[in-house]
Undergrad: 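This is the structure, below, for whatever I ask next.
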Amino acid sequence: MAERQLIQPRDLPGPYSPPLIGHLLQLAGQQFHLTLERWAERYGPLFQISLGLSRLVVVSDHEVIQRILEQRPQSFRRNRVVEDRFTEIGINGLFTAEGEDWRQQRRTVVAALSRTRLANFFPKLRTTTARLQRRWEMAANRSQSVDICRDLTRFTVDVTMQLAFGVDPNTLETPGPVIQQHLEKIGPGLQRRFFTLFPYWRLIRLPPDRALDRAVKAVEREVEVIVRTTRERMAAHSDHGPTNFLEALLTIAEHEGSNLTSADLLAHTSQLLLAGEDTTAYTMSWIVHYLVKFPEAFARIRREVDALIAPAAALDKLEQAIHLPFLDAFCNEVMRLKPVAPNMALEALENTEMLGCLIPKGTKLFVLLRYAATREEHFAGGDCFDPERWLPQPVGRGQHPHHTQVFAPFGAGPRICPGSNLAMLEIRAVLAMLCRNFDLESIGPDKEVREQMAVVMRPDYLHLRLQRRSLTSSDATGPLTATAASPLGASRDL
Ligand code: HEM
């Protein structure tokens, strides 16, 4: 049988590559993901780019992406540069771990974020959501604008720390500077370091590098205190087993023969905090942005939430997606168009074939997850915002392409995000509270909200005015009558 001729990555199509620097300048900014997606449109499902002297392959074919994600950790790993950059600043945990180390860490994280843990955590999530509500009520009373991304990162840090570390920083009700002001500098600081000709910061620290150093130090100090306090608490109550991620880590570290150092503890803990914080806060921010853009959808979600919560004030029902079909459809559609991880940087661990090209071991890859999910062949009207597509379709419409397996906002395969259940619970709690209690108003002239990559994709600016919900609003019909009985201006219980 004649052997099929495979091409090499250097034979793949791709944009003109300037000598020495390759495409570094085109990809150095905070919108490199858009450049890659534009090139995918032009050069097809598999194309090459260069960063300095190294060649990378960019994949946007869904089936190939699926296979890559499924074949981790054996055949593909995260790009070594990503791991190096995180390790260098002392923040390397499950996200950047590989091989056996990854397997061990994964077990601990998955257990810490299990459904049972989440069910027990529900009362704390409710309390934290009520704090966010009070914060927004205060802003509404004073007609102050709200920086949505900042407030939501306060929320997600409070939630992640309570669930994963068993401490309650209550940054939502802490005036003045809080840990988020440091955390928010880490993403942009790292992003700058992904596309450089060489790691210049090892020779000279520019102002953004010094800002990154300061932010990392500050986070490290806060996490150190948490680790120390937890250690002391555990020593005082040695009679019960670990109840959260940090306690589980400390238990492992104390085990004879464990090679988990104090630096590892800090590194793993800080990375979990980052992984749970930015992603969920910015996903929620994108959702809020779309709620402002589509007021009819906002009203529809509100009716749905009213119908669910008003009769029994049962936020606990939020755990069951089935009760909020349109809210979930809306969130899916936002995550399809605005996933916080629109692409992933990976690396082949063995020779492999992709679409007739031999990809040698060690080849660096970008997989374009968002691009695949916006293609006409997978989702009809792929670049249009249409939450209805996620609801059961009337006969006829269901025939349009709707390939849910291409939708991967949480990744896929063995490394799929272990925090997705927590994230969806947070999102439902915040959205239900928001729709039930506030009207949204954008501020000033319509400014286009732009995508900005800072490890995760976030809105560059999202300031809104929140007003306490007006009971005369046009949607105050049907199920709303139940809530209209509550005194005007009084807060609804989420
Ligand atoms: C809407 C919110 C979130 C989104 C969109 C998101 C998205 C992702 C994505 C795309 C990945 C990479 C998956 C892959 O490689 O296939 C990931 C990994 C990860 N996420 Fe999330 N995430 C979210 C929330 C969370 C939360 C709340 C936590 C924990 C508190 C978390 C912890 C992690 C960890 C530890 C990993 C690394 C998993 C591994 O490599 O095995 N994430 N997430």
Side-chain angles (χ1 to χ4, degrees), residues 125 128-129 132-133 135-136 146-157 159-160 276-306 308-309 315 318-319 321 323-342 369-370 373-374 379 383-391 407-410 417 419-443 448-452 456-466 469 494:
L125 179 63
T128 312
T129 312
L132 178 62
Q133 180 176 337
R135 187 178 174 88
W136 283 351
V146 170
D147 182 336
I148 295 292
C149 296
R150 287 228 163 114
D151 278 5
L152 289 175
T153 51
R154 284 184 187 242
F155 175 82
T156 52
V157 164
V159 168
T160 312
E277 181 242 344
D278 270 19
T279 47
T280 315
Y282 295 126
T283 299
M284 287 196 274
S285 303
W286 283 118
I287 293 171
V288 172
H289 169 59
Y290 274 82
L291 288 175
V292 178
K293 271 175 86 158
F294 294 92
E296 319 79 52
F298 178 83
R300 188 166 164 189
I301 296 177
R302 178 178 270 181
R303 284 197 294 275
E304 210 176 63
V305 172
D306 282 340
L308 176 72
I309 295 179
L315 179 73
L318 286 177
E319 275 184 284
H323 291 292
L324 294 166
F326 187 68
L327 180 145
D328 285 334
F330 191 88
C331 294
N332 275 357
E333 189 63 351
V334 174
M335 288 193 281
R336 188 179 68 81
L337 293 179
K338 301 288 180 192
V340 290
L369 295 159
R370 189 228 331 238
T374 51
F379 287 99
D383 50 6
C384 297
F385 184 77
D386 178 14
E388 293 281 342
R389 70 172 84 241
W390 296 96
L391 297 174
F407 170 66
F410 293 103
C417 173
S420 61
N421 288 329
L422 169 63
M424 291 317 297
L425 207 55
E426 290 180 69
I427 291 172
R428 270 188 221 126
V430 169
L431 285 194
M433 178 275 282
L434 177 68
C435 295
R436 224 168 122 58
N437 292 283
F438 299 97
D439 291 323
L440 303 175
E441 192 191 303
S442 49
I443 297 173
E448 196 201 338
V449 175
R450 292 190 321 151
E451 299 175 357
Q452 194 175 61
V456 295
M457 187 181 89
R458 59 197 198 180
D460 65 341
Y461 176 93
L462 189 56
H463 288 235
L464 296 178
R465 189 150 299 152
L466 302 182
R469 177 180 178 180
L494 300 160

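Counting from 1, the numbers follow the sequence of the chain as shown.
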Undergrad: Please determine whether the number of non-hydrogen atoms from other residues, nucleotides or ligands lying under 6.0 Å from atom CZ of R150 exceeds 12.
TA: no
Undergrad: Could you check E441 against V292 for side chain to side chain contact (heavy atoms under 4.5 Å, CB included), going step by step and ending with a plain yes or no?
TA: CA-CA 7 Å; E441 192 191 303; V292 178; over 6 Å; no
Undergrad: Give the minimum heavy-atom separation between P325 and L391, together with the two atoms involved.
TA: O-CD2, 3.7 Å
Undergrad: I need the I148 CD1 to S285 OG distance, nearest 0.5 Å.
TA: 7.0 Å
Undergrad: How long is the straight-line distance from CG of L466 back to CG of L464, given to the nearest 0.5 Å?
TA: 6.5 Å
Undergrad: Is E304 reaching over with its side chain to a backbone N or O of F326, donor-acceptor style, under 3.5 angstrom?
TA: yes
Undergrad: Roughly how far apart are L327 CG and M424 CE, rounded to 0.5 Å?
TA: 8.0 Å
Undergrad: Do the side chain of R450 and the main chain of Y461 share a donor and acceptor less than 3.5 angstrom apart?
TA: no
Undergrad: Set out, in order, the CA-CA distance, both residues' side-chain angles and the distance that settles side chain to side chain contact (heavy atoms under 4.5 Å, CB included) for Q133 and N437, then state yes or no.
TA: CA-CA 8 Å; Q133 180 176 337; N437 292 283; 3.5 Å; yes
Undergrad: Taking it one step at a time, do R469 and D439 satisfy salt bridge (Lys or Arg N to Asp or Glu O under 4.0 Å)?
TA: CA-CA 5 Å; R469 177 180 178 180; D439 291 323; 5.7 Å; no
Undergrad: I need the minimum non-hydrogen distance between C384 and E333, along with the two atoms involved.
TA: O-OE2, 3.1 Å
Undergrad: Could you walk me through whether R300 and E388 pass salt bridge (Lys or Arg N to Asp or Glu O under 4.0 Å), step by step?
TA: CA-CA 12 Å; R300 188 166 164 189; E388 293 281 342; 2.5 Å; yes
Undergrad: What's the shortest heavy-atom distance between L369 and A341, and which atoms?
TA: CD1-O, 3.8 Å
Undergrad: Applying ring-ring contact (aromatic ring centres under 6.0 Å, His included) between F330 and each of F294, F298, F385, report the one that passes.
TA: F385
Undergrad: Measure from NZ or CZ of R336 to the centre of the six-membered ring of F379, then state whether that distance is under 6.0 Å and the direction lies within 45° of the axis.
TA: yes
Undergrad: Minimum heavy-atom separation for I301 and C435, please, with both atom names.
TA: CG2-SG, 3.8 Å
Undergrad: Check V340 against T279 and note the closest heavy-atom contact, atom names and distance.
TA: CG1-O, 3.7 Å
Undergrad: Between Q452 (side chain only) and P459 (backbone N and O only), is there a donor and an acceptor less than 3.5 Å apart?
TA: no
Undergrad: Rounded to the nearest 0.5 Å, what separation is found between the CD atom of E426 and the CG atom of L152?
TA: 10.0 Å
Undergrad: Kindly compute the distance separating OG1 (T153) from CG (D147), expressed to the nearest 0.5 Å.
TA: 8.0 Å
Undergrad: Evaluate side chain to side chain contact (heavy atoms under 4.5 Å, CB included) for L291 paired with L434, printing each intermediate quantity in order.
TA: CA-CA 10 Å; L291 288 175; L434 177 68; 4.1 Å; yes
Undergrad: Is any side-chain heavy atom of V430 closer than 4.5 Å to one of V288?
TA: no
Undergrad: Would the W390 and F407 ring centres measure less than 6.0 Å apart?
TA: yes
Undergrad: Rounded to the nearest 0.5 Å, how far does CD of E277 lie from OG1 of T156?
TA: 5.0 Å
Undergrad: Under 3.5 Å, side chain of W286 to main-chain N/O of M457, donor-acceptor pair present?
TA: yes
Undergrad: Report the residues that fulfil salt bridge (charged side-chain N to carboxylate O under 4.0 Å, His left out) with E451, sequence neighbours left out, ordered by chain and then residue number.
TA: K338, R370
Undergrad: Please determine whether side chain to side chain contact (heavy atoms under 4.5 Å, CB included) holds for the pair T283 and C331, giving the CA-CA distance in whole Å, both sets of side-chain angles, and the decisive distance to 0.1 Å.
TA: CA-CA 9 Å; T283 299; C331 294; over 6 Å; no
Undergrad: Could you tell me whether the side chain of L431 reaches within less than 4.5 Å of the side chain of L324, counting heavy atoms only?
TA: no
Undergrad: Do R135 and F155 make a side-chain contact, defined as non-hydrogen atoms from C-beta onward lying under 4.5 Å apart?
TA: no
Undergrad: Would a distance-only check, ignoring hydrogens and angles, find a side-chain to backbone donor-acceptor pair under 3.5 Å from T160 to V157?
TA: no
Undergrad: Closest approach of I427 and T280, non-hydrogen atoms and distance?
TA: CG1-CG2, 4.4 Å
